[in-house]
There are 4 protein chains.
Amino acid sequence: MARGVNKVILIGNLGQDPDTRYTPNGNAVVNLNLATDESYKDRQTGQLVPKTEWHRVVMFGKIAEVAGQYLRKGSKVYIEGKLQTRKWQNKEGQDVYTTEVVVDINGQMQMLDSRGGEGGMSQGAPAGRPQQSGYNAPAGQQNNPPPQSGGYSNQPSQGSMPEPVDDFDDDIPF
Amino acid sequence: MARGVNKVILIGNLGQDPDTRYTPNGNAVVNLNLATDESYKDRQTGQLVPKTEWHRVVMFGKIAEVAGQYLRKGSKVYIEGKLQTRKWQNKEGQDVYTTEVVVDINGQMQMLDSRGGEGGMSQGAPAGRPQQSGYNAPAGQQNNPPPQSGGYSNQPSQGSMPEPVDDFDDDIPF
Amino acid sequence: MARGVNKVILIGNLGQDPDTRYTPNGNAVVNLNLATDESYKDRQTGQLVPKTEWHRVVMFGKIAEVAGQYLRKGSKVYIEGKLQTRKWQNKEGQDVYTTEVVVDINGQMQMLDSRGGEGGMSQGAPAGRPQQSGYNAPAGQQNNPPPQSGGYSNQPSQGSMPEPVDDFDDDIPF
Amino acid sequence: MARGVNKVILIGNLGQDPDTRYTPNGNAVVNLNLATDESYKDRQTGQLVPKTEWHRVVMFGKIAEVAGQYLRKGSKVYIEGKLQTRKWQNKEGQDVYTTEVVVDINGQMQMLDSRGGEGGMSQGAPAGRPQQSGYNAPAGQQNNPPPQSGGYSNQPSQGSMPEPVDDFDDDIPF
DNA sequence: TTTT
DNA sequence: TTTT
């Protein structure tokens with residue numbers, strides 16, 4: 001239900017491997033940095049100047065899982081989501097605003113890297129769970145929350161695995 | 001020319017009258033705050049919770065002129081533009097990032113307020129130049145650029161007019 | 001799941017009241033004719049020439065119900081859907097292709113008619129079921145499928161109701 | 001200028017090489033068949049059923065030239081255009097309607113085939129003018145206009161070349 | 001800060 | 001066939 005339209009459509013390339021984390025329920029949350037390129041004619045020189053715009057993208061749910069598995073640094077991707085700005089406090093206690101493109105159940109993702117298997121699996125990541133470092137999100141985050149969307153764990157909760165103590169979702173909004 | 005796609009589509013309502021300024025060349029630059037509404041079901045209570053997202057929109061050129069003339073606080077509008085994040089320094093010299101939806105020659109605007117005369121003119125603004133405060137863009141901007149897109153004059157440039165001082169929009173972003 | 005993107009975004013006005021029908025399961029199916037206006041500069045005369053494009057829109061599910069209830073001839077609406085071309089045979093047995101904008105569970109609709117009560121209910125249609133003509137979808141459709149999307153009943157199915165004959169929408173597409 | 005929104009966004013693959021023609025002024029006009037894939041869950045069997053939708057795309061101007069040069073059968077492409085339905089008469093003199101996605105100066109195209117040169121040039125087409133057959137559009141077209149957008153020549157007019165007699169633009173609308 |  |  002919406003009494004408005006809030007839609008973002010991007011085609012670009014990932015600046016790094018996606019950052020995959022998990023909510024306490026085991027839901028994937030993926031953060032991406034996506035570059036869209038444009039070039040414009042410089043009024044003075046008349047030359048074509050390339051310009052890269054970087055976008056913070058946050059994915060949830062099934063799409064996040066696929067993105068985490070198959071996208072890699074450099075991957076080209078189409079995404080459709082919505083704009084969202086969240087407010088958080090930096091070290092100095094100042095309000096900081098971060099605008100992200102949120103891709104949830106209503107969004108869409110299309111991998112545009114070509115035909116015949118690409119990225120992810122071919123880079124030796126264990127099937128389904130690439131790039132797991134085996135422990136939790138970066139230390140230091142507790143005190144200096146970076147503009148990640150939340151402070152999710154980067155390890156999925158698995159069945160009856162003991163849930164390690166984790167203080168995520170402490171002070172970061174969203 | 002672009003090697004990517006960067007597109008934003010919004011339908012929402014203006015939180016205030018548009019802020020119209022002018023570049024030295026006399027080109028209009030309009031800043032808007034646009035609200036898009038959405039409601040989602042709260043997982044706990046099962047209730048429908050309304051949620052408003054605010055967007056900073058910057059318009060240039062012909063579209064800006066039309067927007068400045070006809071849009072008013074509360075106006076419903078369709079806009080199509082692109083995402084752009086710009087970096088500036090706050091008073092403390094810290095980097096601050098502001099993300100805006102830029103509507104330029106490649107963008108689009110549609111006023112969605114209805115039939116039979118609307119906003120703008122009917123609110124007594126002088127034809128074509130609403131809400132002029134009579135003096136110009138901030139001095140001091142050199143050091144503390146506010147989150148406006150540039151430091152444009154809010155009056156069309158007219159020959160060799162002296163540029164008076166102004167202290168609005170001091171330091172608070174967004 | 002899609003390995004492609006197929007998206008249509010329209011803002012326009014209805015040429016007539018929506019045509020509401022029902023599948024045997026009681027699901028609403030609404031057909032709309034939507035006009036989008038554009039004007040272009042005539043190369044010869046230099047004059048601005050208005051041009052109206054008409055779109056066939058088919059809505060399903062919840063969105064169809066809302067559309068059927070609240071939209072009326074002249075209503076302004078935002079719709080998001082996908083392109084779909086279906087093939088049918090005309091009276092002469094020739095293949096005919098009709099392209100429609102399909103708005104289903106993945107689509108979106110926003111009524112853009114304004115503030116303070118609008119259309120629909122105010123035109124005396126019985127609450128929730130406007131414009132029912134009291135009998136059902138075309139007989140004879142077996143041989144000459146009309147360009148409606150399917151041959152849905154224009155009355156919600158109610159138990160073992162007798163299905164009366166009707167001859168609307170004879171054979172002329174679009 | 002538009003008092004409406006009419007936008008189509010597609011990502012898909014070409015079913016054949018593009019069909020490039022030229023207006024009397026030498027402007028390129030390119031026709032494409034673009035497939036977008038989707039799959040849906042069959043209600044009966046519960047299985048995922050693939051479904052391909054074919055789109056007629058017509059490109060004009062600079063975009064058409066680039067498309068004609070670089071796109072080939074199988075190429076993946078992003079296009080943004082508008083819906084347009086044109087009416088023409090078939091052999092029997094009956095009205096036929098064809099809906100196309102028109103990509104003109106307001107549209108956009110992005111080739112999504114990857115990195116490191118692809119298609120087009122590598123297939124031996126003479127630089128800049130692929131697939132020229134050296135003579136004009138199919139005979140027989142005069143009487144039985146196919147649903148091509150116009151009856152443009154498939155050869156560019158070149159400098160002081162004698163313009164061969166051609167009867168295009170005879171009876172085909174659009 | 002808007003709107004329904 | 002709509003709308004401004």
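Chain letters run A, B, ... following the sequence lines, proteins first and then strands; every chain starts at 1.
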Would you kindly give the [atom1]-to-[atom2] distance between [X] and [N], to the nearest whole Å?
{"X": "B:L71", "N": "E:dT2", "atom1": "CG", "atom2": "C1'", "result": "13 Å"}
{"X": "B:W54", "N": "E:dT3", "atom1": "CH2", "atom2": "P", "result": "8 Å"}
{"X": "A:R3", "N": "E:dT2", "atom1": "CZ", "atom2": "C1'", "result": "10 Å"}
{"X": "A:K87", "N": "E:dT1", "atom1": "NZ", "atom2": "P", "result": "12 Å"}
{"X": "C:Y78", "N": "E:dT3", "atom1": "OH", "atom2": "P", "result": "22 Å"}
{"X": "C:K76", "N": "E:dT3", "atom1": "NZ", "atom2": "P", "result": "19 Å"}
{"X": "B:L14", "N": "E:dT3", "atom1": "CG", "atom2": "C1'", "result": "11 Å"}
{"X": "C:R72", "N": "F:dT1", "atom1": "CZ", "atom2": "P", "result": "20 Å"}

- Message: Quick one about D:T85 and C:W54 (side-chain donor to acceptor, distance below 3.5 Å, no hydrogens or angles considered), yes or no?
- Response: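 Their side chains do not contain a donor-acceptor pair, so the 3.5 Å distance test is not met.
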- Message: Can a side-chain donor-acceptor contact be found between B:E80 and B:Y78 if the only test is distance below 3.5 angstrom?
- Response: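 Yes, because at least one side-chain N or O of B:Y78 sits under 3.5 Å from a partner of the opposite role on B:E80.
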Quick check for you: among [options], whose closest atom lies nearest to any side-chain atom of [X]?
{"X": "B:A35", "options": "E:dT2, F:dT3, F:dT2", "result": "E:dT2"}
{"X": "C:K73", "options": "F:dT2, E:dT4, E:dT1", "result": "F:dT2"}
{"X": "B:T52", "options": "F:dT2, E:dT2, F:dT3", "result": "E:dT2"}
{"X": "C:Q16", "options": "E:dT2, F:dT2, F:dT1", "result": "F:dT1"}

- Item | Gap between atom CG of B:L34 and atom OG1 of B:T52 - 0.5 Å precision |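 Output value for this atom pair is 11.0 Å.
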- Task: Answer yes or no: is there an ion pair linking B:R72 with B:D113, defined by an N-O contact shorter than 4.0 Å?
- Result: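 So B:R72 does not pair with B:D113 through a salt bridge.
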